[in-house]
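Note that these values count all heavy atoms, side chains included, but never hydrogens, waters or copies made by symmetry.
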Number of protein chains: 2
Amino acid sequence: MTAEIQRTPRSRVRRLPQRGSYDRAVINQVLDEGIVAHVGFVHEGSPFVIPMGYARDGDRLLLHGSSASRLMRLLAAGTEAAVTVTLLDALVLARSYFHHSMNYRSVVVLGRTVEVAEQNEKREALDVLLSRLVPGRHGDARPTNDLELRATLVAQIPIEEATAKLRTGPPADDDEDLALPYWAGLVPVNTTFGPPEPAPDLRDGIEPPAYARNYGRRPTDG
Amino acid sequence: MTAEIQRTPRSRVRRLPQRGSYDRAVINQVLDEGIVAHVGFVHEGSPFVIPMGYARDGDRLLLHGSSASRLMRLLAAGTEAAVTVTLLDALVLARSYFHHSMNYRSVVVLGRTVEVAEQNEKREALDVLLSRLVPGRHGDARPTNDLELRATLVAQIPIEEATAKLRTGPPADDDEDLALPYWAGLVPVNTTFGPPEPAPDLRDGIEPPAYARNYGRRPTDG
C-alpha cells in the first residue's frame, strides 16, 4: 500500500515538498472521497476548467457526458488534460494574517484522455460511474439502453502522472506571535448528506433506500 | 441586479442553454459562497489545474500565494487563466441510470491575470482576501508586515468573461419510467462548519470568537 506513483518533471511538487505525496494509497483515498473533479484542457490556445462527476476505477479515472457536448467530444477525441480533485477540511486561523491557511487534500492527475468506445467496456464504465457516485444504486434503477448508450461518451485518463498535496494540523505561527492575545485554531469544514428528498412525482409507497438514507463517502480498498 | 455579463464565443454556454446564466447577481452569489477556486492555465503547452483560496472584490477575483511559488510567479507575470468555482448541492437519483445527475452551481471566469504590485493596493487586496475568507477576522490578528508583504504575490483576474452554470430541481425522468418501482429524488449535499478547534499552543483564557463559532458563507450584496 506504499506503492509510489512515478514522478515526472511536470508533476513534481517543487515548493513545500512536505506537503506533497506520491503515495498511491493517499491518492486513491482522495479520489474515492471526492465527487466532483475539475477538468482542465486547452482549446484553441485557451485554458478551460470544467467541473465533472468522475469515478476512479483501479488505475484510471472515468469521465462521461453527452455525445452532444463539445467538451466530451474533445475528451473522447483525446486531449492533454489535468484532472484535479480537492477536499477542503478546515480553515486555519493563525495569530497573523500571513499564516492564515486552509487544511485540504487534493490530487492532480495529468495525462492524455482516451475514449472508452467499445460497447461492453463503455457499459461497464458507466456502471462503475454509477456505483461509485451512489454505492448501492446499481441494480436498483433501469439500466442504460442502447439509445442512451449512443447518446453518451466515456473517456478515461490513466492515474500515472499524479500528485497529492495536503495540509493538515494546527496553524503554523511564528514563535514571536504565540503570546499575542488572538484566538488561533481550526474551523473544520464538513460535508454531510441528506436527508433524502423524494421526487414530487414519486409513486406512493416507495421508501428511500438505505444507501440514500445513509449516504456517505467511505474510503474503499480498491 | 439583472446586469448581464458580456457573452463571448468562448464563454457562451452552447449545450443546455437553460442551465447557463450570465446574470451578475447569480455569478456573484456563487463566487461569494465558494471558498476554493480551481485555477487552470497552460504551462509549456500542458494544462494545469490548481486549487486556490480566492476572494471576489467587486468585479475582480483576487488570488494570492508565496513569491517563491512557480504558480504565483506565473499568475503575477500575467497569463490566460480559467478560474472555476463549483458548489455541489445534491445528488440526483433518477429511475434510470442515464438520468442520474447532480445539482450544482458553478462559475467559470476566463481572462488574463494581472499582478497587484503597488504596495498599498497589495495590502488592501490581502485585507479583502482575509475578510472574505473569515469575515470578522480582520482586525483580530496581527497585520501583515513588510517582510511578509514582500514574500507574497497577489494577482487579479477581471470578472468580465464569466458564465454561471447550474442544475436545480428533481430528477428529469422519461415519462415511460415514472411507473417503475424505483425510488427517485435528491440526496442533498451540505457544507457545515465547526465547532472551532483551538490550537494546542493557544494561550489560556482566549475563547473562540463569534465569527469562528458561527462561521458560515452568507451571500453579500457587494
Between [X] and chain A, with a heavy-atom cut-off of 4.5 Å, which part of the residue counts as in contact: side chain, backbone, both or neither?
X: B:Leu71; result: neither
X: B:Leu88; result: side chain
X: B:Pro181; result: both
X: B:Thr144; result: both
X: B:Thr152; result: side chain
X: B:His43; result: neither
X: B:Glu207; result: backbone
X: B:Leu91; result: side chain

To the nearest 0.5 Å, what is the distance between [atom1] on [X] and [atom2] on [Y]?
X: A:Met72; Y: A:Leu63; atom1: CE; atom2: CG; result: 6.5 Å
X: B:Leu75; Y: B:Ser69; atom1: CG; atom2: OG; result: 7.5 Å
X: A:Glu148; Y: A:Ser67; atom1: CD; atom2: OG; result: 11.5 Å
X: A:Ile27; Y: A:Arg105; atom1: CD1; atom2: CZ; result: 13.5 Å
X: A:Leu74; Y: A:Thr113; atom1: CG; atom2: OG1; result: 7.0 Å

With a 4.5 angstrom heavy-atom cut-off, could you sort out which part of [X] is near chain B: side chain, backbone, both or neither?
X: A:Leu130; value: side chain
X: A:Leu126; value: neither
X: A:Val189; value: both
X: A:Asp127; value: side chain
X: A:Ala90; value: neither
X: A:Pro171; value: side chain
X: A:His100; value: side chain
X: A:Thr192; value: both
X: A:Leu149; value: neither

Find out whether [X] and [Y] are in side-chain contact, i.e. whether some heavy atom of one side chain is under 4.5 Å from a heavy atom of the other.
X: B:His38; Y: A:Thr86; value: yes
X: B:Trp183; Y: A:Pro196; value: yes
X: A:Val49; Y: A:Phe41; value: no
X: A:Phe48; Y: A:Val42; value: no

### Message
Between B:Arg112 and B:Glu80, is the salt bridge (charged side-chain N to carboxylate O under 4.0 Å, His left out) condition met? List the steps.
### Response
CA-CA 4 Å; B:Arg112 198 170 177 82; B:Glu80 288 295 318; 3.8 Å; yes
Which of [options] touches chain B most, by non-hydrogen pairs under 4.5 Å:
options: A:Asp201, A:Asn190, A:Asn145; value: A:Asn190
options: A:Phe98, A:Tyr97, A:Tyr182; value: A:Tyr97
options: A:Gly45, A:Gly205, A:Ala94; value: A:Ala94

### Summary
Those residues at least two apart in sequence (or on a different chain) that pass salt bridge (charged side-chain N to carboxylate O under 4.0 Å, His left out) with B:Arg137 are none
Which of the residues [options] is involved in the greatest number of heavy-atom pairs with chain A at under 4.5 angstrom?
options: B:Gly185, B:Ala141, B:Ala199; value: B:Ala141
options: B:Val108, B:Val36, B:Asp140; value: B:Asp140
options: B:Ile35, B:Leu93, B:Thr191; value: B:Leu93
options: B:Pro209, B:Ser96, B:Gly40, B:Pro170; value: B:Ser96
options: B:Arg213, B:His138, B:Glu197; value: B:Glu197
options: B:Ala184, B:Pro200, B:Gly53; value: B:Ala184

### Message
As a test of understanding, state which of B:Leu31, B:Val83, B:Asp57, B:Val107 forms a side chain to side chain contact (heavy atoms under 4.5 Å, CB included) with B:Ile159.
### Response
B:Leu31
### Query
Taking the six-membered ring for Trp, are A:Phe193 and A:Tyr215 parallel (under 30°), tilted (30 to 60°) or perpendicular (over 60°)?
perpendicular
### Message
Tell me if the aromatic rings of B:His64 and B:Tyr54 count as close, with their centers under 6.0 Å from one another.
### Response
no
### Task
Would you mind listing every side chain to side chain donor-acceptor pair (under 3.5 Å) that reaches into residues 170-179 of chain B, with sequence neighbours excluded?
A:Arg142-B:Asp177, B:Arg95-B:Asp173, B:His99-B:Asp174
